[in-house]
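Side chains are part of it too, since the values below use all heavy atoms of this structure and drop only hydrogens, waters and symmetry mates. Sequential numbering from 1 along the given sequence is applied to the chain's residues. In this text, all values refer to a predicted model and were calculated from it rather than measured experimentally.
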Amino acid sequence: MSSPVVTVTLDATLREAVRSMLERRVGSVVVLDTGPISIVTRSDALWGTYQDGGSLADIAVTDVMSRDLVMTTEQTSITTALDTMKQHEVKKLPVRDGMELVGIITMTDIAEHHPEVVHEVRNRISRKGDWSD
């Protein structure tokens with residue numbers, strides 16, 4: 001799990017989200033309102049820019065963010081986290097403690113820190129190669 005989570009506010013532009021990702025060298029930002037409500041990934045940013053054809057500064061994160069944020073808890077096992085990722089076709093799971101955002105777990109985190117499940121991670125990625133980043 002990576003912590004702290006890189007976040008942007010609901011009124012952020014795609015330019016602000018991409019800047020945050022580049023500066024922190026991460027593949028996503030969690031969008032906050034009164035709490036975590038969505039996520040914007042590198043793929044979302046590329047797709048949004050391609051579809052809109054405009055400047056990153058003119059595109060709102062709300063135009064490209066996912067609509068249903070899937071989260072997990074610190075107590076969730078790696079196996080359950082992988083099952084959740086597969087079920088919802090995501091590669092990143094924000095982690096909460098109660099309603100507080102405390103981290104994010106990614107497929108890369110799982111592969112790096114739990115080599116015993118690398119084979120399972122590879123299988124899940126290869127079976128669903130178009131999961132969002």
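- In this structure the side chain of S2 never reaches within 4.5 angstrom of the side chain of T106, judged on heavy atoms.
- Taking CE of M107 as the reference point, atom NZ of K86 lies at 10.5 Å (rounded to 0.5 Å).
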May I have the step-by-step check of side chain to side chain contact (heavy atoms under 4.5 Å, CB included) for I110 and M85, ending in yes or no? CA-CA 11 Å; I110 292 172; M85 289 174 164; 4.0 Å; yes

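- Side-chain atoms of R42 and V18, non-hydrogen and from C-beta on, never get closer than 4.5 Å to each other.
- When every heavy atom of M65 is checked against every heavy atom of S38, the shortest pair comes out as CB-OG, 3.1 Å.
- In this structure, the side chain of Q51 does not engage the main chain of G48 through any donor-acceptor pair within 3.5 Å.
- Taken together through direct or relayed side-chain contacts under 4.5 Å among Ile, Leu, Val, Met, Phe, Trp and Tyr, V29 and L10 form part of one hydrophobic cluster.
- Judged purely by atom type and a 3.5 angstrom limit, D44 uses its side chain to pair as donor or acceptor with the backbone of T41.
- Within 6.0 Å of CG on D33 lie more than 12 heavy atoms contributed by other residues, nucleotides or ligands.
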Side chain to side chain contact (heavy atoms under 4.5 Å, CB included) for V8 and V40? Distances and angles first, verdict last. CA-CA 9 Å; V8 295; V40 174; 5.7 Å; no

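- Looking only at atom types and distance, the side chain of D83 has no donor-acceptor partner in the side chain of T80 under 3.5 Å away.
- Inter-residue side-chain proximity for T84 and L93 is flagged as met; some heavy-atom pair is nearer than 4.5 Å.
- Interatomic distance, CG of D109 versus CD1 of I78, reported as 8.5 Å (0.5 Å rounding).
- Residues K92 and G27 come closest through the heavy atom pair CE-O, 3.7 Å.
- Proximity of R96 to L101: side-chain heavy atoms (C-beta onward) are nowhere separated by under 4.5 Å.
- Results of the side-chain contact (heavy atoms from CB on, under 4.5 Å) test with I104 over V26, I39, V6 single out I39 as the only residue that passes.
- Between T9 and E16, the closest side-chain pair of non-hydrogen atoms is not below 4.5 Å.
- Without hydrogens or angle criteria, T72 side chain to V95 main chain gives no donor-acceptor distance under 3.5 Å.
- Of the inter-residue distances, the one linking T76 atom OG1 with L82 atom CG reads 11.5 Å to the nearest 0.5 angstrom.
- With hydrogens and angles ignored, the 3.5 Å screen pairs no side-chain donor or acceptor of S66 with any backbone N or O of L69.
- If you take OG1 on T49 and CZ on R15, they are separated by 11.5 Å, rounding to the nearest 0.5 Å.
- You'll find the side chain of L56 stays beyond 4.5 Å of the side chain of T13, heavy atoms only.
- Residue pairs satisfying the side chain to side chain donor-acceptor pair (under 3.5 Å) criterion with at least one member in residues 17-26, sequence neighbours excluded, are absent.
- What you find for S3 and V102 is that their closest heavy atoms are OG-O, 2.8 Å.
- Going from atom CG of L32 over to atom CD1 of I37 covers 8.0 Å, rounded to the nearest 0.5 Å.
- Under the 4.5 Å side-chain heavy-atom criterion for grouping Ile, Leu, Val, Met, Phe, Trp and Tyr, M21 is connected to L14 within one hydrophobic cluster.
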